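Each remark here refers to the structure printed beneath this line.
Keep in mind that this is a model prediction, so the values were computed, not measured. Chain A is the first sequence line, chain B the second, and so forth, proteins listed ahead of strands; every chain is numbered from 1. Side chains included, hydrogens not; waters and symmetry mates left out as well; all remaining heavy atoms used.
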2 protein chains.
Amino acid sequence: MLTADGITAEAVRLLEERGQDGLTMAALARRLGVAPSALYNHVATKQDVLRAVQDDVNRGIDCDGFEELAWDAALARWALSYRDAYARHPALVPIMAVTPVGSSPHTVAMYERVSAGLLAGGWPAHLVTNVVVAVESFVLGSALDTQAPADIFDPGELDAPTVRTANAARPGGDTARAAFDLGLEALLTGLRTLLVQKG
Amino acid sequence: MLTADGITAEAVRLLEERGQDGLTMAALARRLGVAPSALYNHVATKQDVLRAVQDDVNRGIDCDGFEELAWDAALARWALSYRDAYARHPALVPIMAVTPVGSSPHTVAMYERVSAGLLAGGWPAHLVTNVVVAVESFVLGSALDTQAPADIFDPGELDAPTVRTANAARPGGDTARAAFDLGLEALLTGLRTLLVQKG
DNA sequence: ACCTGAACACCGTTCAAGT
DNA sequence: ACCTGAACACCGTTCAAGT
């Protein structure tokens, strides 16, 4: 029997298998053996489905560090897991950045653990949300960056000697990961310094 | 007479006035006094138009700091201008993160100036692109965050005491800007430290 | 070479009609 | 209460026909 949860579960599978463009209401209905219009007895809109899918993705993000480690080590572990989750679902990035958390239980649970870890780590309450948002912005931007083609910075016919030099000097392998690691290290180093100054 | 540049210019205006959803090929054609199919004599696809629009947006980003200031101050100025530009055009964020720069002259010119500034500031060539990508990821994520509603972290009916505490303690005003400023300060502080270690 | 107008293969969503 | 089937108002894009 058709339920909102059943629709969400099938939507997650569909998104995983067919990607962003494959997730249409028609495709979702066909998979569930039902007419497209039948879905609207259980969800109000496609945005509804996407919000539920997003909460499911957030359920898989690793927040365990905040009960075991120092705040900065926990933040690093969370950020990496968070980035990887959204690198698998880049279409959800603009949604995540903008959707209120009020009806997403797993998402709220995640923020609760992160906030508690920062507070316990010595961050003043008035800065906790800013730290979370700052790290999250870096994470979501980095998740989008994983989708970039390897030659994204190739200037082609255009004149850009320094860009060319920097490209040539950059080591191969997982370049998106290297940029993420450098940025995360800088961000955490900076946050440690700021905490000493402001805490 | 209809040209690719004319189409781009009108697309920029349309995006500014009507937003992401207002930029359709039909609306673009109507503004230009032409049938939708006529556009395809000058552009191959809508993605084509978006790429050109994006290059135009990048033309407006302030890179002047890199010829005047220390690398970190210049990077801060660039990042702020970059964030503001994409906060005005959030629909372009996923495109910017993923589009090769090869046929976007203003975009390449921007990267050239940024890379040259970092190199002159003492960054080793093999790290320059990673620094650029790391800052850019933070900037684009922050641009998306400017679109979030003010109550995005309100847990509603859900149980999340620490989230509530952190929300209540957070000062009002431009919260997205406060998070951006904190993150940028942390990122730059960290990058300065890393440069001393690795430079 | 460049435009029009009709058409195609889609979208998300609504709604009367059935059970 | 929940489904079907037809319909609506769109999309981006193609293509034969005109000039």
Tell me the interatomic distance from [X], atom [atom1], to [N], atom [atom2], rounded to whole angstroms.
{"X": "Leu23(A)", "N": "dC10(C)", "atom1": "CG", "atom2": "C1'", "result": "15 Å"}
{"X": "Gln20(B)", "N": "dC11(D)", "atom1": "CD", "atom2": "P", "result": "13 Å"}
{"X": "Gln47(B)", "N": "dT13(D)", "atom1": "CD", "atom2": "P", "result": "9 Å"}
{"X": "Lys46(A)", "N": "dC11(D)", "atom1": "NZ", "atom2": "C1'", "result": "13 Å"}
{"X": "Leu39(A)", "N": "dC15(C)", "atom1": "CG", "atom2": "P", "result": "17 Å"}
{"X": "Arg30(B)", "N": "dC10(D)", "atom1": "CZ", "atom2": "P", "result": "10 Å"}
{"X": "Leu28(B)", "N": "dT13(D)", "atom1": "CG", "atom2": "P", "result": "12 Å"}

- prompt: Looking for any heavy atom pair under 4.0 Å, which part of the strands does Ser37(A) touch: base, sugar-phosphate only, or nothing?
  reply: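 The residue Ser37(A) makes base contact.
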
- prompt: If pairing requires Watson-Crick or G-U wobble contacts with both distances under 3.5 Å, which nucleotide is the partner of dA7(D)?
  reply: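 Checking every strand shown, dA7(D) finds its partner in dT13(C), with both distances under 3.5 Å.
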
task: Using both distances under 3.5 Å as the test, list the Watson-Crick or G-U wobble partner of dC2(C), or none.
output: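 dC2(C) is paired with dG18(D).
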
query: Between Thr45(B) and dG12(D), does any side-chain N or O lie under 4.0 Å from OP1 or OP2?
result: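 No, outside the criterion.
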
message: With a cut-off of less than 4.0 Å, is there a side-chain N or O of His42(A) near OP1 or OP2 of dC3(D)?
response: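 Yes, His42(A) has a side-chain N/O under 4.0 Å of OP1/OP2 on dC3(D).
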
Short side-chain donor-acceptor distance under 3.5 Å, [Y] and [X]:
{"X": "His106(A)", "Y": "Asp55(A)", "value": "yes"}
{"X": "Tyr111(B)", "Y": "Asn58(B)", "value": "no"}
{"X": "His89(B)", "Y": "Gln20(B)", "value": "no"}

Please pick, from [options], the nucleotide with the shortest atom-to-atom distance to any side-chain atom of [X].
{"X": "Tyr40(B)", "options": "dC2(D), dC2(C), dG12(D)", "answer": "dG12(D)"}
{"X": "Asn41(B)", "options": "dT4(D), dC3(C), dT13(D)", "answer": "dC3(C)"}
{"X": "Met25(B)", "options": "dG12(D), dT13(C), dC3(D)", "answer": "dG12(D)"}
{"X": "Thr24(A)", "options": "dT4(C), dG12(D), dC11(C)", "answer": "dC11(C)"}
{"X": "Ala38(A)", "options": "dC3(C), dT4(D), dT14(C)", "answer": "dT4(D)"}

- prompt: Hey, is CD on Glu157(B) packed in by over 12 heavy atoms from elsewhere, all under 6.0 Å?
  reply: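 12 or below, so no.
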
field: Arg13(B) vs Glu10(B), salt bridge (charged side-chain N to carboxylate O under 4.0 Å, His left out): CA-CA, chis, key distance, verdict
entry: CA-CA 5 Å; Arg13(B) 266 174 249 137; Glu10(B) 196 61 52; 2.7 Å; yes

